[in-house]
2 protein chains.
Amino acid sequence: MPPRFQEPYCSAGCPVEAALGLIGGKWKGILLYHLMSGTLRFNEIRKRVPGVTQRMLTTQLRELEADGLILRVVYPQVPPRVEYSLSDRGRTLQPVIMALKAWGERHATQREPQAA
Amino acid sequence: MPPRFQEPYCSAGCPVEAALGLIGGKWKGILLYHLMSGTLRFNEIRKRVPGVTQRMLTTQLRELEADGLILRVVYPQVPPRVEYSLSDRGRTLQPVIMALKAWGERHATQREPQAA
DNA sequence: CGGTATCCACGCGGATACTG
DNA sequence: CAGTATCCGCGTGGATACCG
């Protein structure tokens, strides 16, 4: 059976997709957004993002970290203290997140196609 | 087609999520992007987005249409001719898509954390 | 406090076949 | 040409329990 490889969504150079691939995760957008305002601890993020489960929060934060978008600093204390903040690279996303936010505020807090 | 209504991830007013919910679909970003340059027929889009299956293309286009972001015009001919274009609402997304594109071009064609 | 580990449901999305 | 219809694998993400 031939291995049949999975080619990327767009052949080469789909910057839009590349960007969405990084911030398009279920919670990444808001996580990034909240971190725009500054460093946050794990549970602080949880409070700001009601609905996210512990597992998903961890997962998404780790992915953002792996993509070099956020920094994760662990303070070897007990009880533990872990702080999340934007990396330099993550900060470059600010215009994007803000564009997303601005659009959402004006055009789509809810889903209402053409409405009345 | 499932009734795709994503209840808001964040309790109230998460414009970032709202926006991502609309354009965050697997192909929506590029679809929107390609339609920015003008009206396209079904197969024209297919050619521009290699890798997308017919089913996914239809699905995503229909969702974008349901969300009022694109227009779908069917010409009652044989063979059929269906043209897709941005709606007024969809056009308001231009800054967002362009921000995504600009960021992707400069910072993330690939996935490379912090590298060496 | 800030996680892991495990289990599992669901729906996204690919492949394929058929149609007006 | 531009779709539907069907089948199904697989990853995503929720719930829960436990750990350093």
Side-chain angles (χ1 to χ4, degrees), chain A residues 1-10 17 20-31 34-35 39-67 70-85, chain B residues 1-10 17 20-31 34-35 39-67 70-85:
Chain A
M1 194 80 74
R4 80 194 145 70
F5 51 89
Q6 295 246 63
E7 49 193 318
Y9 307 145
C10 238
E17 274 311 295
L20 278 177
L22 295 181
I23 71 172
K26 183 162 188 183
W27 304 95
K28 294 183 183 176
I30 348 114
L31 294 185
H34 285 294
L35 288 174
T39 298
L40 290 173
R41 296 181 59 174
F42 190 80
N43 277 346
E44 289 176 332
I45 302 178
R46 275 185 89 179
K47 282 181 213 148
R48 280 168 172 75
V49 187
V52 72
T53 60
Q54 205 166 33
R55 198 176 82 90
M56 280 317 295
L57 185 50
T58 304
T59 307
Q60 300 271 294
L61 284 171
R62 289 298 154 85
E63 288 188 13
L64 289 171
E65 186 194 7
D67 288 330
I70 66 172
L71 264 29
R72 177 172 176 267
V73 181
V74 183
Y75 294 88
Q77 306 172 353
V78 51
R81 176 184 191 91
V82 181
E83 291 187 344
Y84 293 91
S85 60
Chain B
M1 183 108 52
R4 65 173 302 284
F5 188 100
Q6 304 254 49
E7 49 189 339
Y9 307 142
C10 240
E17 275 309 296
L20 278 178
L22 294 181
I23 71 172
K26 182 163 189 182
W27 305 94
K28 294 184 182 175
I30 347 116
L31 295 185
H34 284 292
L35 288 174
T39 299
L40 289 174
R41 296 181 58 174
F42 190 81
N43 277 347
E44 289 176 334
I45 302 179
R46 275 185 90 178
K47 281 181 213 149
R48 281 170 172 73
V49 187
V52 71
T53 60
Q54 205 166 35
R55 197 177 83 90
M56 280 317 295
L57 184 50
T58 304
T59 307
Q60 301 271 294
L61 284 171
R62 290 296 154 84
E63 288 187 13
L64 289 172
E65 186 194 8
D67 288 330
I70 66 172
L71 264 28
R72 178 171 176 270
V73 181
V74 184
Y75 294 88
Q77 307 172 354
V78 51
R81 176 184 191 90
V82 181
E83 291 187 344
Y84 293 89
S85 59

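Note on naming: letters A, B, ... go to the chains in the order of the sequence lines (proteins, then strands), and numbering restarts at 1 for each one.
- Listed by residue number, A:R72, A:P79 are the residues of residues 70-79 of chain A with a heavy-atom contact under 4.0 Å to DNA chain C.
- Two residues are said to be in side-chain contact when any heavy atoms from C-beta on lie closer than 4.5 Å; A:L20 and B:L20 meet this criterion.
- Atom CD of B:E83 and atom P of D:dC1 are 14 Å apart (whole Å).
- Phosphate proximity of D:dG3 to B:R62: present, with a side-chain N or O under 4.0 Å from OP1 or OP2.
- Legend: salt bridge (charged side-chain N to carboxylate O under 4.0 Å, His left out) pairs involving residues 71-81 of chain B, not counting sequence neighbours, sorted by first then second residue: B:R81-B:E83.
- Atom CZ of A:R46 and atom C1' of C:dG2 are 9 Å apart (whole Å).
- We find that CG of A:L61 is positioned 14 Å from C1' of C:dC1, with the value rounded to whole Å.
- Atom-to-atom distance recorded for A:T58:OG1 and A:E63:CD is 11.5 Å, nearest 0.5 angstrom.
- Put simply, CD on A:E65 is 15 Å from P on C:dG2, counting in whole angstrom units.
- Looking only at distances, a side-chain donor or acceptor of B:Q60 sits under 3.5 Å from a matching main-chain atom of B:W27.
- In this structure, B:Y84 does not reach the D:dC1 phosphate: none of its side-chain N or O atoms is under 4.0 Å from OP1 or OP2.
- Looking at heavy atoms from C-beta onward, A:Y84 lies out of side-chain contact with A:R41 at the 4.5 angstrom threshold.
- Between B:L35 and B:L64, the closest side-chain pair of non-hydrogen atoms is not below 4.5 Å.
- Counting heavy atoms from C-beta on, the side chains of B:L40 and B:R48 come closer than 4.5 Å.
- Using a 4.5 Å heavy-atom threshold, the side chains of B:V52 and B:I45 count as separate.
- We find that NZ of A:K47 is positioned 13 Å from C1' of C:dG2, with the value rounded to whole Å.
- No side-chain heavy atom of B:E65 sits under 4.5 Å from any side-chain heavy atom of B:L71.
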- Note on the structure: Whether each nucleotide of nucleotides 13-20 of chain D has a protein heavy atom under 4.0 Å at its base (B), only at its sugar-phosphate (S) or at neither (-) is summarised, 5' to 3', as BBB----B

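- Remark: P of C:dC12 and CG of B:L57 are 17 Å apart, rounded to the nearest angstrom.
- Distance A:N43 CG to C:dG3 C1': 10 Å, rounded to the nearest Å.
- Protein atom CZ of B:F42 is 18 Å distant from nucleotide atom P of C:dT19, rounded to whole Å.
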